[in-house]
Amino acid sequence: MKIQFAPINIPLARRLQTAAVLQWVFSFILLAQCCLGIFLLLVLARFWLLIALYVLWLYLDWETPQAGGRRVEWVRSWTVWKYFKDYFPIRLVKTTDLDPRYNYIMGFHPHGVLVAGAFGNFCTNYSGFKELFPGLTSYLHILPFWFRCPFFREYVMSVGAVSASKKSVTHVLSREEGGNAAIIVIGGAEESLDAHPGSLTLHILNRKGFIKVALKRGAHLVPVFSFGENELFLQMPNPKGSFLRKIQERLQKIMGFALPIFHARGIFQYSFGLLPYRMPINTIVGRPIPVVQMSNPTQEEIETLHQKYLNALQELFEENKEKYGIPEHKSLIFT
């Protein structure tokens with residue numbers, strides 16, 4: 001394989017963008033393990049007082065990821081996130097105003113490999129979310145697994161991430177005066193295994209828990225489609241039924257998260273590595289679907305609202321696909 005090296009005279013801004021994405025990929029893939037390793041080193045070094053204090057802190061703070069988290073605006077405003085956004089670049093587009101007197105569930109699609117669009121738009125202060133939707137506060141819901149890792153949990157909470165548990169989503173949507181937006185990546189980790197360039201497969205037909213929560217809390221539903229999310233990485237071929245896919249699905253059931261085998265570009269060359277390609281991500285926030293609160297929704301009411309959400313998501317995609325390079329004959333595939 002011929003290696004394509006990056007030019008020497010690349011502008012400083014682009015080098016900083018690459019460095020910003022490098023630290024993000026490292027944080028996503030290895031930082032949790034490093035934090036766990038530091039914790040174990042402290043145990044081995046017998047820093048008992050420090051360990052005892054932190055374990056006490058964990059005991060007292062264990063429920064925080066399910067109770068709105070603990071965002072730190074200073075962390076969300078780090079300059080590194082501006083360079084991260086500009087690398088692709090990431091752009092948030094609204095189609096209509098959202099009334100801050102209501103709470104919302106924003107269904108984010110597709111998952112992609114590392115959910116770059118969701119992070120850039122909802123975990124940093126550089127996407128323009130506050131300016132586009134004044135009065136709303138976004139909460140990105142991620143796997144509860146990440147909040148069990150010492151030290152790492154504090155970091156992910158600081159950018160505004162909270163647990164994806166039912167209790168956590170319900171807490172975000174319980175604000176009586178409205179103004180909260182729960183961002184849920186509906187397809188979950190399973191969908192990342194289908195995150196190939198050009199793929200339009202969404203795992204959503206059996207995902208109805210968010211619909212039930214929306215009905216119980218009276219939260220309006222907003223479909224969100226992120227064009228370009230699946231174009232950032234290449235994956236090893238893993239069609240349904242293949243040996244690799246069966247292993248990935250088995251590991252997902254055991255560990256609770258998927259392990260896509262992906263690659264893209266490197267730091268100083270464009271031929272291989274784990275950095276995403278510089279591909280634009282355009283995240284389109286659709287029109288809200290009004291939801292009437294009901295304490296005990298029937299299965300029929302859940303199914304009806306779920307179908308309405310599917311129709312709205314399909315409509316959002318069809319209205320915007322040509323603007324972002326999707327051929328006319330291509331459509332979403334719901335599984």
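Atoms considered below: every heavy atom in the structure, side chains included; atoms not considered: hydrogens, waters and symmetry mates.
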Name the orientation class of the two ring planes belonging to H220 and Y102 (parallel below 30°, tilted from 30 to 60°, perpendicular beyond 60°).
-> parallel
Under 4.5 Å between any side-chain heavy atoms of F262 and L232, yes or no?
-> no
Would you say the side-chain atoms of E73 pair up with the backbone N or O of R76, donor to acceptor, closer than 3.5 Å?
-> no
For salt bridge (Lys or Arg N to Asp or Glu O under 4.0 Å), just list the numbers for R153 and D61, CA-CA rounded to whole Å, side-chain angles, deciding distance to a tenth of an Å, and then say yes or no.
-> CA-CA 10 Å; R153 65 190 297 277; D61 195 59; 2.9 Å; yes
Could you grab the distance from atom OG of S77 to atom OH of Y126, nearest 0.5 Å is fine?
-> 5.5 Å
Please check if Y83 and L12 belong to a single hydrophobic cluster, counting links between Ile, Leu, Val, Met, Phe, Trp and Tyr side chain heavy atoms closer than 4.5 Å.
-> yes
d(L316 CG, L332 CG) to nearest 0.5 Å is 9.0 Å
Spell out, yes or no, whether I284 and L202 are grouped together once hydrophobic residues are joined by side-chain heavy atoms under 4.5 Å, including indirect joins.
-> yes
Determine, step by step, whether E131 and K94 satisfy the salt bridge (Lys or Arg N to Asp or Glu O under 4.0 Å) criterion, reporting the C-alpha distance in whole Å, the side-chain angles of both residues, the deciding distance to 0.1 Å, and the verdict.
-> CA-CA 11 Å; E131 292 72 27; K94 80 170 183 178; over 6 Å; no
Return the minimal non-hydrogen interatomic distance between A195 and G112, and the atom names on each side.
-> CB-C, 3.5 Å
Distance (rounded to the nearest 0.5 Å) between F47 CZ and F39 CZ = 13.5 Å
For atom CZ of R14, is the number of surrounding heavy atoms from other residues, nucleotides or ligands below 6.0 Å larger than 12?
-> no
Would S163 and W146 satisfy side-chain contact (heavy atoms from CB on, under 4.5 Å), going step by step from the backbone distance to the final call?
-> CA-CA 8 Å; S163 173; W146 298 114; over 6 Å; no
Main-chain N/O of K166 paired to T170 side chain as donor or acceptor, under 3.5 Å | yes
Looking at L244, N238, L259, which one forms a side-chain contact (heavy atoms from CB on, under 4.5 Å) with L193?
-> N238
Find out whether E301 and M294 are in side-chain contact, i.e. whether some heavy atom of one side chain is under 4.5 Å from a heavy atom of the other.
-> yes
Audit row: F129, L136, side-chain contact (heavy atoms from CB on, under 4.5 Å) steps and yes/no | CA-CA 8 Å; F129 182 87; L136 285 186; 4.0 Å; yes
Any R91 side-chain heavy atom under 4.5 Å of P280 side chain | no
Is there a path of hydrophobic side-chain contacts, each under 4.5 Å between heavy atoms of I, L, V, M, F, W or Y residues, that connects V113 with L30?
-> yes
Smallest heavy-atom separation, P297 atom then K216 atom, equals CD-CG, 3.9 Å
Please confirm whether the backbone N or O of Q66 pairs with a side-chain atom of K167, one donor and one acceptor, at under 3.5 Å?
-> no
Are any non-hydrogen side-chain atoms of Y155 and L31 less than 4.5 angstrom apart?
-> yes
With rounding to the nearest 0.5 Å, note down the distance linking CG in L22 to CG in L16.
-> 12.0 Å
Check: W24 ring centroid to F84 ring centroid under 6.0 Å | yes
Is there side-chain contact between I10 and T18, with at least one heavy-atom pair below 4.5 Å?
-> no
Quick check, are the ring centers of Y309 and F210 under 6.0 angstrom apart?
-> yes
Donor-acceptor pair, Q252 side chain versus A189 backbone, under 3.5 Å?
-> no
For N311 and E315, what are the C-alpha separation, side-chain angles and deciding distance, and is it a side chain to side chain donor-acceptor pair (under 3.5 Å)?
-> CA-CA 6 Å; N311 294 340; E315 183 180 350; over 6 Å; no
Without hydrogens or angle criteria, can the side chains of E303 and Q307 be said to hold a donor-acceptor pair below 3.5 Å?
-> no
Is the side chain of E190 donor-acceptor paired with the backbone N or O of A258 at a distance under 3.5 Å, no angle test?
-> no
Could I get the full list of side-chain hydrogen bond (donor to acceptor under 3.5 Å, both in side chains) partners for Q23, not counting sequence neighbours?
-> none
K212 atom NZ, over 12 foreign heavy atoms within 6.0 Å | no
List the steps, then state whether side-chain contact (heavy atoms from CB on, under 4.5 Å) holds for H196 with N230.
-> CA-CA 6 Å; H196 297 273; N230 283 344; over 6 Å; no
Inter-residue atom distance M106.CE - S138.OG, 0.5 Å rounding = 8.0 Å
Flag yes if V224 and Y139 sit in one hydrophobic cluster, no otherwise; membership is Ile, Leu, Val, Met, Phe, Trp, Tyr, and two members link when side-chain heavy atoms are under 4.5 Å apart.
-> no
Going through the distances and angles, do R287 and V222 end up as a side-chain contact (heavy atoms from CB on, under 4.5 Å)?
-> CA-CA 6 Å; R287 292 179 288 273; V222 181; over 6 Å; no
Does a sphere of radius 6.0 Å around CZ in F26 hold more than 12 heavy atoms from other residues, nucleotides or ligands, not counting ones at 6.0 Å or beyond?
-> yes
Are any non-hydrogen side-chain atoms of L310 and H306 less than 4.5 angstrom apart?
-> yes
In sequence, state the C-alpha distance, the side-chain angles, and the governing distance for F225 and F227, and then conclude on ring-ring contact (aromatic ring centres under 6.0 Å, His included).
-> CA-CA 6 Å; F225 194 88; F227 290 90; 4.7 Å; yes
Kindly give the heavy-atom pair with the smallest separation between S127 and L92, and that separation in Å.
-> O-CB, 3.8 Å
Same apolar cluster: M157 and V159, side chain cutoff 4.5 Å = yes
Derivation of the salt bridge (Lys or Arg N to Asp or Glu O under 4.0 Å) call for E231 and R278 = CA-CA 9 Å; E231 319 307 314; R278 284 183 181 266; over 6 Å; no
Within the side chain of S165, is there an N or O that forms a donor-acceptor pair under 3.5 Å with the backbone of S168?
-> yes
Pair Y54 and F151, ring centroids less than 6.0 Å apart | yes
Sidechain-backbone polar pair: E191 side chain, H111 backbone, donor-acceptor under 3.5 Å = yes
For the salt bridge (charged side-chain N to carboxylate O under 4.0 Å, His left out) test, which of R245, K253, K246 pairs with E249?
-> R245
Okay, side chain of T201, backbone of D194: is any donor-acceptor separation there less than 3.5 Å?
-> no
Are the side chains of K321 and S331 in touch, meaning some heavy atoms are under 4.5 Å apart?
-> yes
Check the pair R175, E177 against salt bridge (Lys or Arg N to Asp or Glu O under 4.0 Å), reporting the backbone distance first and the verdict last.
-> CA-CA 6 Å; R175 192 167 189 258; E177 60 270 36; 3.5 Å; yes
Kindly indicate whether the side chain of L234, heavy atoms from C-beta on, has any atom under 4.5 Å from the side chain of Y277.
-> yes
F108 side, atom CZ; N121 side, atom CG - distance, nearest 0.5 Å = 6.5 Å
Any cation-pi pair here, R265 with F233, using under 6.0 Å and within 45°?
-> no
For E300, does the CD atom sit with more than 12 other heavy atoms under 6.0 Å from it, leaving out its own atoms?
-> no
Can the ring centroids of W81 and F119 be said to lie less than 6.0 angstrom from one another?
-> yes
